Every structure is written in C-alpha cells, then in structure tokens.
Q: 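Following this message is one structure expressed as structure tokens.
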Amino acid sequence: MRTLKNSEQLWSTIGSGKSIVLVGHANPDGDAIGSVSAMYHFLKQLGKQACMIVPNSFPDFLSCLDPDTDPILIYRDDTAVCKQKISDSDLVICLDMSGPSRIDDLADDIFTNSSARKILIDHHLNPVVEAFDIVVSDTEVSSTCELLLSLILESSAISGDITGLSLECANSIAAGILTDTNNFANSIFPATLERFSQLLKRGVDRDRLYNEIFCSYSATRMELMGYLLSEKMTLIHDGTVAFIILDKSEKEKYSFRTGDSEGFVNLPLKIRKVCMSALLTEDDGFVKVSLRSKGDLDVNRFAREYCNGGGHRNASGGRLYISIDETPDYFTNSIEEYFKKA
Ligand SMILES: [Mn+2]
C-alpha cells in the first residue's frame, strides 16, 4: 500500500507474476482500453501472457486496439470464464480506475474473493490506496496511457529507448492520450506532447488513429447528436449550466449502442456562456451522469456531493438512483444549491 516514487518495485512485482489479469473500468473509454491493451502488448514483449477483462462492452471504434488472437473479455457476457481467469491469477493490474467501485460486479471477484496481489496504475483524484498492494497514481498527466508510457520507458526492457516498444503497444498508448485529451483539447501537460512526439517517432500513424477514433460515427449516432442538441439541451443558472437528458425510448429510436454518446457532454461547452455541462442518461436502475466544466469550476466536487461519483476537476461522472422523470428537477435544484454554497 504505497505510492511509488520510481517504477523499479512495480516492474519487479510484475516480473514475478505468473498469471496476470489486466482490468479496466466499466463503460470503458479509449484510455481504459488503450492502457489495458498497451500493458498486454508490453507484457507480451516481456514474454508474459496476460488476460484482459473489462466489466461491460466498449464502443466499436476501440476494437482496433483489441488483439484478434486474444481478445478482451467482457465480464457481463462471459462471466464464468472471467471468474475462472481471476481465481487462477496471482497478480491483478487495474488501470485507469480510482478503485473497486469503478468495476461494478467484477469488484467482488477481485477485491473480496481473490488473494492475488493487486496493482493500481491510474491518474484519477483520490485513489482507493488501501485496496491495492502497489499504487502508481499521478494526476499531473493527461491519461493513464501517458503515465504507463513513462513507466514502460523506465523499465529495464526499454530503458528510455522508444524504438524498443512494439508498434501495437505504441498505438494503444496513443489512442488513450488522443481520447482522454479529446484530441489535445484538454488535460495537456508539458510532458504529454513530448510523450506523444516519441510515439510519432516510433511510427504511430496519428491520422489513421484520428479517423478510426473521431470519424467513425454511424449515421444514427450523428442524428442522435443533432436531436439532443436541438431538442433536449436545457440551459439553467442564467445560461451558464447546460444539461441534456437521454432516455431509454430515445436510445431505442436511435439504435443506441455503447459509446454512441461519447463526447456529447463536451458539446454545450462550445457555447461562450456555458461553463458546466451534464449528460444524464437513463440506464438499468440508475441514471448515468457525465459532467464537464471549463476553468476553475470543480465538477469533481459536484459529482461527489450530488451524483455518487467523482473524477477530475473538469471531467467527472456518477450515478443517480432516481427515475429519469425526476432527474431534471433533481439536477436543477442541486445546481442551485451547489452554487449558493460556493
Ligand atoms: Mn483516463
């Protein structure tokens, strides 16, 4: 239970792992899938076989990172196989998640029923350090992928030489940085661009990756985006806060698939006056909350206090255990209360 200053202990622990499971968070995004698959490819380079598990399915545009030979397992679809892999493992590496609550039902198998050693590599605020044997946490990076690249470069297998990295690993890391920064729009630190530059030198085809990730909408997804902006966006708090509600009937109408609303929450922030945006999506038994803000406005605190969640200052998420019909009033009242207190 410690936050590492250097990566030596991390790599020696990984080196002694015999059966390794890699885990990313629920509703996996590009950084979750990118960091899990990058670690998979790097371990392969070290001569180690690992198995990748995420709680539920991920958007199609990320399948370019999923190895054909040994695909990422989806816990919700292949529960028995995943349970077996976890119980057979002696080392579990969790990536891009602050703690057990980010992996739904998978948490019991890993944190209650497994005696495997546990490593966390993450960039979110307030990691649940007591749940892990080793924690590598850094919030001053764009993404878990950027952090992972730094760690990999420090490993003795690579020792600073990016040309030693496999192209598959480099591509996965680049995808995580591209998605978590929203194509270099946010969360950029000086080292982020240096790291990405190294990936380009290694041969990452950024144009191809950009098209794969950002220009791969289905027609219905594009129509849903237009519909939500013109019919569903509500401005409150003197036009400074925007929220969009997406309910189940609309998901059905637009043949909604996992990841189809990815990035939509950022769109209202393009309005000059808007400094906070929320996308509230009806799910099974809860309303999924995505929050974004500009500047100093802290949506992490809002997510913690009002949405059973958390994340970063400018990008957070959570869940509301209320009906979708109650959601607009709850959200509006919470916003008024939050700003009154602030
Ligand atoms: Mn991330």
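Just so you know, ligand 1 is whichever comes first in the structure, and atom 1 is the first atom listed for that ligand. Given the structure is predicted, the values throughout are model-derived calculations rather than measurements.
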Q: What is the name of the N/O/S atom of D96 that is nearest to the Mn ion (ligand 1)?
A: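 Looking only at N, O and S atoms of D96, the one nearest the Mn ion (ligand 1) is named OD1.
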
Q: Only N/O/S atoms count here: what is the atom of D180 closest to the Mn ion (ligand 1) called?
A: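 When I compare the N, O and S atoms of D180, OD2 is nearest to the Mn ion (ligand 1).
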
Q: So, 2.8 Å as the limit: is an N/O/S atom of D122 located closer than that to the Mn ion (ligand 1)?
A: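 It does not; every qualifying atom lies at 2.8 Å or beyond.
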
Q: Please name the atom of D31, restricted to N, O or S, that is closest to the Mn ion (ligand 1).
A: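 Relative to the Mn ion (ligand 1), the closest nitrogen, oxygen or sulfur of D31 carries the name OD2.
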
Q: Please collect all side-chain hydrogen bond (donor to acceptor under 3.5 Å, both in side chains) contacts where either partner lies in residues 268-286, sequence neighbours excluded, each pair once.
A: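 side-chain hydrogen bond (donor to acceptor under 3.5 Å, both in side chains) check on residues 268-286 returns K248-D284.
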
Q: Could you tell me whether D60 and R257 make a salt bridge, using a distance below 4.0 angstrom between a side-chain N and a carboxylate O?
A: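 Looking at R257 together with D60, the answer is yes, because their closest N to O distance falls below 4.0 Å.
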
Q: Enumerate the residue pairs fulfilling salt bridge (charged side-chain N to carboxylate O under 4.0 Å, His left out) with a member in residues 314-342, sequence neighbours excluded, ordered by first and then second residue.
A: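 Output for this query lists D104-R319, E305-K341.
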
Q: Do F111 and F132 have ring centroids that are under 6.0 Å from one another?
A: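 Centroid distance F132-F111: below 6.0 Å, so yes.
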
Q: With ring centroids as reference points, do Y330 and Y306 lie under 6.0 angstrom apart?
A: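 Distance test on ring centres: not under 6.0 Å, no.
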
Q: If the cut-off is 2.8 Å, does any N/O/S atom of H124 fall short of it from the Mn ion (ligand 1)?
A: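 It does not; every qualifying atom lies at 2.8 Å or beyond.
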
